[in-house]
Number of protein chains: 2
Amino acid sequence: MTIEAGLESVNDAMPSRADVCNRLLNKMPVSDFALLAPHLELVSLKERQVLEVPGRPITHVYFVETGVVSVVAVNAEDHRIEVGVIGKEGMTGVPLVFGDDRAQHSAYMQIGGSGRRMPAAAFTDALRQSTSLRALMMKSAQAFMIQTAHTALANGRAKLEERLARWLLMAHDRLDSDAVPLTHEFLAVMLGVRRAGVTVALHSFERRGFIAARRGQLTLINRAGIEQVANSFYGIPEAELKRLMADTP
Amino acid sequence: MTIEAGLESVNDAMPSRADVCNRLLNKMPVSDFALLAPHLELVSLKERQVLEVPGRPITHVYFVETGVVSVVAVNAEDHRIEVGVIGKEGMTGVPLVFGDDRAQHSAYMQIGGSGRRMPAAAFTDALRQSTSLRALMMKSAQAFMIQTAHTALANGRAKLEERLARWLLMAHDRLDSDAVPLTHEFLAVMLGVRRAGVTVALHSFERRGFIAARRGQLTLINRAGIEQVANSFYGIPEAELKRLMADTP
DNA sequence: TTTTTTCAGTACGGAAACGTACGTCTTTTG
DNA sequence: CAAAAGACGTACGTTTCCGTACTGAAAAAA
């Protein structure tokens, strides 16, 4: 707390590259990071905190560092379902990358954490200035698109257990621990199924020794087991993200 | 056929702006059209013709003018489902816009027609040269993303009849006639449901006077009726497409 | 024309998931 | 500490849709 060196700093000071855990911020060229850094603000992201509201202008871009964001599509009759999750590998505000200023979906913290945010205007300015930043953001956007497409596939063809397993794996990828602090109710909302259905499915996982459950929390014990349950509905978006982030250093 | 004026031309000659029916080609600034025109080739797109294969490089971009393209996500165990359709409002090869050269999904003609195509390399060249072209293509890509997200929503929450109605409306939007030349089998594949389920649902539509059915073809008679069946699962992507294409002239 | 293929109609048992609801624990709030 | 709220366990009848399969009719091929 009382370190005199310039690197360690109060929250709002410009972050050094070493401080950030978001993969996009980590990965981008120093020049691009320098473009963003002055506008980045370290923020805590509390459970259920709303980041974007459908139809409303996007105020900030959030580079997630810990926690998980749920992106949820909603229609006129309030039917809703999760179309993607975002963790330290990504960011919110994808429409900005496409030159749009409005949020398409609802986005909120499903699992609390922290991240860096910057005003939308500053972000679009930076995008305009840097081709390489644009390139990276578009790859990130594409990765999210792929995730959405495979969510559509899972929603249409997978069984409840398969979808639940898929979700747990995606959450696990984005967390630092094996504990997933979530209620059955929220899992049900995201998957668009009954709460009771989630409860039963989780029991089955527990009986098979794949997870341990406590009130408001479940812990992955045997990830390989969950992967088997998820069948082929998990994996492609993850592999594609890796590919997209690998080939342009 | 034997008109001597320079405008009327053989298929491979450079198309004039007035000849093209694809909305993107229509809408873009003349300067951007001039950039693409030399590479555009008028092609007939036959039913079931494959345009993209997952994992394989994208060879051409297709600007659809008539007919409908199905974009289908596939996973390792060959589960598949349609994640979007493309007609005269759009084009194939979205990943190219994001700087990727590979097809993510399977894409093929669901309803035969025609379009203009150009080699992928020429397209990315043009993209690099023109900011306004990039902007337009990104809006088109975003519109497709929205469609995919709402497909995920429909797959997860809508009933078979609602999804079928949604699909018919989306096809109807992209056709010049009320006749949809498709078998129950193909509708079933796209929706990821049983063929027999489609048959029963279509009977219900027919009984209610919404469509007329013949072997391998169905005709919309009462579009408003179909819209009622689709409930709130149809409409948002369409409205958003309109918005996106309106605000940047 | 005859044969073959494709497409559509229909049926039946069964699986999956739903809506609903009620009771029992925890945890939070007053 | 009591009361209220939240989370989970469980149950039952019901809807939706599946897997499968057989039939007749229409179109295409021979």
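Sequence lines set the chain letters: A, B, ... in the order given, protein chains first and strands last, and positions in each chain run from 1. Note that the coordinates shown come from a computational prediction; the quantities given were computed from them, not determined experimentally.
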Contacts of A/A154 meeting side-chain contact (heavy atoms from CB on, under 4.5 Å) (sequence neighbours excluded), chain-then-number -> A/A158, A/R163, A/R166, A/F233

4.5 Å side-chain heavy-atom contact, B/E47 and B/I111: no

In whole Å, what is the span from the [atom1] atom of [X] to the [atom2] atom of [N]?
X: A/H184; N: C/dA17; atom1: NE2; atom2: C1'; result: 17 Å
X: B/F205; N: C/dA8; atom1: CZ; atom2: P; result: 15 Å
X: A/E161; N: C/dA15; atom1: CD; atom2: P; result: 15 Å
X: B/E185; N: C/dT5; atom1: CD; atom2: C1'; result: 14 Å
X: A/L187; N: C/dA17; atom1: CG; atom2: P; result: 15 Å
X: A/L182; N: D/dG6; atom1: CG; atom2: C1'; result: 15 Å
X: B/N155; N: C/dA16; atom1: CG; atom2: C1'; result: 17 Å
X: A/L160; N: D/dC18; atom1: CG; atom2: P; result: 16 Å

Describe the nucleic acid contact of A/G197 in one word from base, sugar-phosphate, nothing, applying a heavy-atom distance below 4.0 Å. nothing

With a 4.0 Å cut-off on heavy atoms, is A/V193 in touch with a base, just the backbone sugar-phosphate, or nothing at all? sugar-phosphate

Could you give the distance from OG1 (A/T199) to CD (A/E185), rounded to the nearest 0.5 Å? 9.0 Å

To the nearest 0.5 Å, tell me how far B/D19 CG sits from B/L42 CG. 9.0 Å

Report yes if at least one side-chain N or O of A/H203 is closer than 4.0 Å to OP1 or OP2 of D/dT10; otherwise report no. yes

Does a donor on one side chain sit under 3.5 Å from an acceptor on the other, for A/S114 and A/E65? no

I need the single residue from A/Q49, A/K46, A/R48 that forms a side chain to side chain contact (heavy atoms under 4.5 Å, CB included) with A/M109. Which is it? A/Q49

Does B/D100 pair with A/R243 as a salt bridge, N-O distance under 4.0 Å? yes

B/S/- contact track for nucleotides 19-30 of chain D, protein heavy atom under 4.0 Å: BBB---BBS---

